[in-house]
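Here the structure is laid out as structure tokens; the discussion comes afterwards.
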Amino acid sequence: MDVSDLLKITDELERINKTYDFFNEDARLNRSKAARVEFLTTTRYIEQYLMPGAKILDVGAGAGEYSLYFARRGYQVSALELADNNIRAFREKLRPEDGIDLVQGNAVNLSRYADESFDAVLLFGPLYHLHAEADRQKCIAEARRVCKKDGTLFFAFISNDMVILTEFSYRPDYFLNGDYDKQTFRLEDFPFVFHTVDKCREMLRAGGVKIVNEIASDGVSELLEDKINAMDDESYAQFLRYHFYICEKPEMLGMSNHLLFIGKN
């Protein structure tokens, strides 16, 4: 079985599960300096909204990178993840003292959690996979339901417009032969679902989310991966300062593979 075989799987939950047989989520955020930019940016923003002892729900927790980070800093963390491979990788890193309530489940059904039971809800994976708008809105509605009225919601998306350039960096023929509409520049939603900045805003506002910030969470880090990875620590630290300087600028939002939206109920 290869990645193209995922298209043959008609059950969406099974297809999402099998996707992570091909993509190593356990290494995605920590394999290099360039890969770490997204994680460092995202945690920097989340921490601005957390009070000591805050309760966090990590929906679509992947291999646990965010859950473990916050649990080991004294926050109360619950985590839900669908994919078998990600659950296994998460459990291998989990220590008893982490105190994380880790379960396997679906982001569109958070019925195991009570209304308004979390100070922060992270949604850093589910909206990469849900093709139907109705399912995306169920996912957003569930996240809002379990988040306290004065809590904060964090949503991640994969950016349609930047991924085209990223693919071109790997495939010189991509502009002629890539899997996108040559007139609208809309990517084929496989194996992930891609959104423009405007579509992200539209989706969240339709779900009743009040957007308070928008961040280009990894910017150009994948395009410049080799150069960033070759930096010494001092140069890398200065690059991160530059990235933090530009990542909220409206003109830079579309030029990022991953987008972070912060919202309130």
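Computed from a predicted model, the values in this text were never measured in an experiment.
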| said: Do Y128 and V193 sit in one hydrophobic cluster, given that two such residues count as connected whenever their side-chain heavy atoms are within less than 4.5 Å of each other, even indirectly? | reply: no

Exercise for the section: Would you kindly confirm whether I228 and M252 end up in one hydrophobic cluster when ILVMFWY residues are joined by side chain heavy atoms under 4.5 Å apart? Expected result: no

Flag the pair E25 / N85 as yes when at least one side-chain heavy-atom distance between them is below 4.5 Å, and no otherwise. no

Residue set satisfying salt bridge (charged side-chain N to carboxylate O under 4.0 Å, His left out) with E116, at least two apart, ordered chain then number -> none

Check your understanding: Do E248 and Y45 have side-chain heavy atoms sitting under 4.5 Å apart?
Key -> yes

- Looking at F185, does the NZ or CZ of K182 lie under 6.0 angstrom from its six-membered ring centre and within 45 degrees of the ring axis? no

Heavy-atom distance under 4.5 Å between the side chains of M255 and L165, does that happen here? yes

| query | Salt bridge between K55 and D119, side-chain N to carboxylate O under 4.0 Å? | reply | no

S256 and D218 have their tightest heavy-atom pair at OG-OD1, 2.8 Å

Q: Answer whether the closest heavy-atom distance between the side chains of Y180 and F175 falls below 4.5 Å.
A: yes

Are V212 and I215 linked, directly or through other ILVMFWY residues, by side chains that come within less than 4.5 angstrom of each other? yes

Closest non-hydrogen contact found for R136 with L130 is NH1-O, 2.7 Å

When you compare the side chains of N109 and S111, does any donor N or O come within less than 3.5 Å of an acceptor on the partner?
yes

Taking it one step at a time, do E225 and R31 satisfy salt bridge (charged side-chain N to carboxylate O under 4.0 Å, His left out)?
CA-CA 11 Å; E225 184 170 11; R31 69 180 187 273; 3.7 Å; yes

Just by distance, do the side chain of R44 and the backbone of F244 share a donor-acceptor pair under 3.5 Å?
no

Enclosure of K210 NZ (heavy-atom neighbours >12, cutoff 6.0 Å): no

- Query: Just by distance, with hydrogens left out, do Y75 and E47 show a side-chain donor and acceptor under 3.5 Å apart?
  - Reply: no

Open item on the list: Is there a continuous path of hydrophobic side-chain contacts, each under 4.5 Å between heavy atoms, that joins M162 to I246?
Closed with: no

Side chains of I87 and L102 in contact at under 4.5 Å (non-hydrogen atoms):
yes

Closest heavy-atom pair, S78 versus F118, reported as atoms and distance to 0.1 Å, is OG-CE2, 3.8 Å

Residues R171 and D173 bridged, charged N to O under 4.0 Å: yes

Between A34 and N229 the two heavy atoms that sit nearest each other are N-OD1, 2.9 Å

Less than 3.5 Å apart, any donor N or O on the side chain of Q104 or D84 sitting next to an acceptor on the other? yes

For K264 and T152, does a side-chain donor sit closer than 3.5 Å to a side-chain acceptor?
-> yes

Closest heavy-atom pair, D98 versus A71, reported as atoms and distance to 0.1 Å, is O-CB, 3.6 Å

- Determine, step by step, whether V209 and F155 satisfy the side chain to side chain contact (heavy atoms under 4.5 Å, CB included) criterion, reporting the C-alpha distance in whole Å, the side-chain angles of both residues, the deciding distance to 0.1 Å, and the verdict. CA-CA 10 Å; V209 176; F155 304 90; 4.0 Å; yes

If you count heavy atoms of other groups shown closer than 6.0 angstrom to NZ of K227, is the number above 12? no

*Got more than 12 heavy atoms from elsewhere within 6.0 Å of CG, N177?*
yes

- Task: Indicate, with yes or no, if the rings of H129 and F192 have centres closer together than 6.0 Å.
- Result: yes

Which of N106, L153, L80 passes side-chain contact (heavy atoms from CB on, under 4.5 Å) with V59? It is L80

Look only at the side chain of K33 and the backbone of M231, and say whether a donor-acceptor pair between them is shorter than 3.5 Å.
yes

Q | Pairwise side-chain contact, E133 with M203, heavy-atom cut-off 4.5 Å (strictly under) | A | yes

F154 vs I262, test: side chain to side chain contact (heavy atoms under 4.5 Å, CB included). Steps then yes/no.
CA-CA 5 Å; F154 300 85; I262 302 173; 3.7 Å; yes

Query raised in the report: Taking side chain as C-beta onward, heavy atoms only, is R201 less than 4.5 Å from F261?
Result: yes

query = Would you say the side chain of L50 lies within less than 4.5 Å of the side chain of F70, judging by non-hydrogen atoms?
reply = yes

Legend entry - Heavy-atom donor-acceptor pair, S217 side chain to H258 backbone, under 3.5 Å: yes

query: Which is it for N265 and K148 under the side chain to side chain contact (heavy atoms under 4.5 Å, CB included) test, yes or no, and what are the steps along the way?
result: CA-CA 8 Å; N265 270 323; K148 294 177 181 178; over 6 Å; no

Notebook entry, point to check: Got more than 12 heavy atoms from elsewhere within 6.0 Å of NZ, K138?
Noted result: no

Checklist entry - Is there a donor-acceptor contact under 3.5 Å from the side chain of R145 to the main chain of Y113? => result yes

Give the intermediate values and the outcome of side chain to side chain contact (heavy atoms under 4.5 Å, CB included) for residues D179 and L187. CA-CA 6 Å; D179 296 328; L187 288 163; over 6 Å; no

Of all heavy-atom pairs linking L57 and A79, the shortest is CD1-N, 4.5 Å

ask   = Think R36 forms a cation-pi with F39, using NZ or CZ under 6.0 Å from the six-ring centre and within 45 degrees of its axis?
value = yes

Taking only Lys NZ, Arg NE, NH1 and NH2, and the carboxylate oxygens of Asp or Glu, determine whether R28 and E38 approach each other closer than 4.0 Å. yes

Would you say CD of Q48 has more than 12 non-hydrogen atoms from neighbouring residues, nucleotides or ligands within 6.0 angstrom? yes

Do we see a donor-acceptor contact under 3.5 Å between the side chains of S221 and H243?
no

Hey, does the Lys NZ or Arg CZ of R241 hover above the aromatic six-ring of Y245, less than 6.0 Å from the centre and inside 45° of the axis? no

task = Describe, in one word, how the ring planes of F239 and Y242 are oriented to each other, choosing from parallel (under 30°), tilted (30 to 60°) and perpendicular (over 60°).
result = tilted

